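Working notes, beginning with the structure itself.
Just so we're clear, the structure is a prediction, and the values are computed from it rather than from any experiment.
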Amino acid sequence: MKTSTINSAFISFPLYRSAAKSSFLLAACSASPKVPLAEIASAEQAIANAERAQVIRYTSTELNTARTELTAARNAVLADDLPQAQRLALQAQLSAELAIAQADLLKAQAVNKDMQQSIDAVQQEAQRNLSGGTL
């Protein structure tokens with residue numbers, strides 16, 4: 001009995017090795033980089049959001065950079081440089097978000113400047129009223 005068990009173990013060992021090799025190759029293939037579709041879609045959405053927010057009226061540099069990086073990400077996919085494509089797509093998304101933040105800052109600064117001018121005008125008017133009342 002022991003002999004037949006040992007012989008069957010040696011017979012099945014090459015099959016086991018073959019199965020192990022196949023499993024390893026499948027795992028290696030599944031670990032290969034995938035096309036960064038989600039990252040590219042996120043970058044496209046961020047750029048569309050920036051365009052809807054009309055950031056081009058306030059700053060064009062960051063938005064143009066985002067567009068350039070997205071184009072480069074698409075080209076990297078075509079060149080099968082998937083890690084580079086993923087990095088560029090993420091960078092494009094961040095550049096578009098930076099464009100929105102920069103435009104928001106510039107808008108807020110413009111509102112602040114207008115408010116300060118209004119405050120200054122009210123203070124001058126109040127000063128004139130005080131001066132005029134004493135004369």
Side-chain angles (χ1 to χ4, degrees):
M1 271 268 245
K2 283 188 174 182
T3 307
S4 64
T5 306
I6 292 173
N7 285 339
S8 65
F10 281 117
I11 292 170
S12 64
F13 183 70
L15 293 175
Y16 174 75
R17 262 193 2 211
S18 177
K21 283 182 184 178
S22 296
S23 296
F24 179 74
L25 288 175
L26 285 174
C29 290
S30 67
S32 65
K34 295 178 182 155
V35 176
L37 296 176
E39 290 85 352
I40 289 173
S42 294
E44 290 169 344
Q45 184 63 44
I47 290 171
N49 291 343
E51 289 169 345
R52 273 193 301 280
Q54 298 180 349
V55 301
I56 202 78
R57 292 175 52 200
Y58 299 94
T59 178
S60 62
T61 304
E62 291 85 0
L63 185 56
N64 289 336
T65 299
R67 289 177 179 145
T68 301
E69 290 165 341
L70 180 58
T71 300
R74 290 178 178 146
N75 290 337
V77 169
L78 295 175
D80 204 31
D81 189 354
L82 301 181
Q84 177 75 348
Q86 181 180 24
R87 186 188 67 75
L88 286 166
L90 290 171
Q91 188 62 41
Q93 178 184 355
L94 293 173
S95 292
E97 291 171 358
L98 177 61
I100 293 170
Q102 183 71 19
D104 287 346
L105 173 65
L106 293 172
K107 288 177 195 177
Q109 287 175 337
V111 168
N112 186 35
K113 181 179 177 184
D114 288 345
M115 291 178 73
Q116 190 60 49
Q117 288 173 344
S118 296
I119 291 169
D120 291 345
V122 168
Q123 286 177 337
Q124 288 174 0
E125 184 67 27
Q127 198 63 21
R128 272 186 289 214
N129 287 340
L130 288 175
S131 298
T134 57
L135 290 176

Can you measure from [atom1] ([X]) to [atom2] ([Y]) and round to the nearest 0.5 angstrom?
| X | Y | atom1 | atom2 | value |
| --- | --- | --- | --- | --- |
| R87 | L82 | CZ | CG | 13.5 Å |
| L130 | Q123 | CG | CD | 11.5 Å |
| R52 | I47 | CZ | CD1 | 12.0 Å |
| T65 | L94 | OG1 | CG | 12.5 Å |

Please name all residues satisfying side-chain hydrogen bond (donor to acceptor under 3.5 Å, both in side chains) with D120, sequence neighbours left out, ordered by chain then number. Q116

Could I get the full list of side-chain hydrogen bond (donor to acceptor under 3.5 Å, both in side chains) partners for Q45, not counting sequence neighbours? N49

Only distances under 3.5 Å count here; give the side-chain donor-acceptor pairs of residues 55-62 to other protein atoms, sequence neighbours excluded, each with its distance to 0.1 Å.
from	atom 1	to	atom 2	distance (Å)
R57	NH1	Q54	OE1	3.1
T59	OG1	E62	OE1	2.4

For Q86, what residues pass the side chain to side chain contact (heavy atoms under 4.5 Å, CB included) criterion, not counting sequence neighbours? P36, E39, L90

Test of understanding: with side chain to side chain contact (heavy atoms under 4.5 Å, CB included), list the residues that count as partners of Q124, not counting sequence neighbours. R128

Which side-chain N or O atoms in residues 66-79 pair as donor and acceptor under 3.5 Å with protein atoms at least two apart or in another chain?
from	atom 1	to	atom 2	distance (Å)
R67	NE	E51	OE2	3.3
R67	NH1	N64	OD1	3.3
R67	NH2	E51	OE2	2.8
T68	OG1	N64	O	2.9
E69	OE1	A92	N	3.3
E69	OE1	S95	OG	2.8
T71	OG1	R67	O	3.1
R74	NH2	E44	OE2	2.4
N75	ND2	T71	O	3.4

Hydrophobic clustering (ILVMFWY, side-chain heavy atoms < 4.5 Å, transitive) - are L63 and I100 grouped together? yes

Taking the side chain as C-beta and beyond, is there a heavy-atom pair between K107 and V111 under 4.5 Å? no

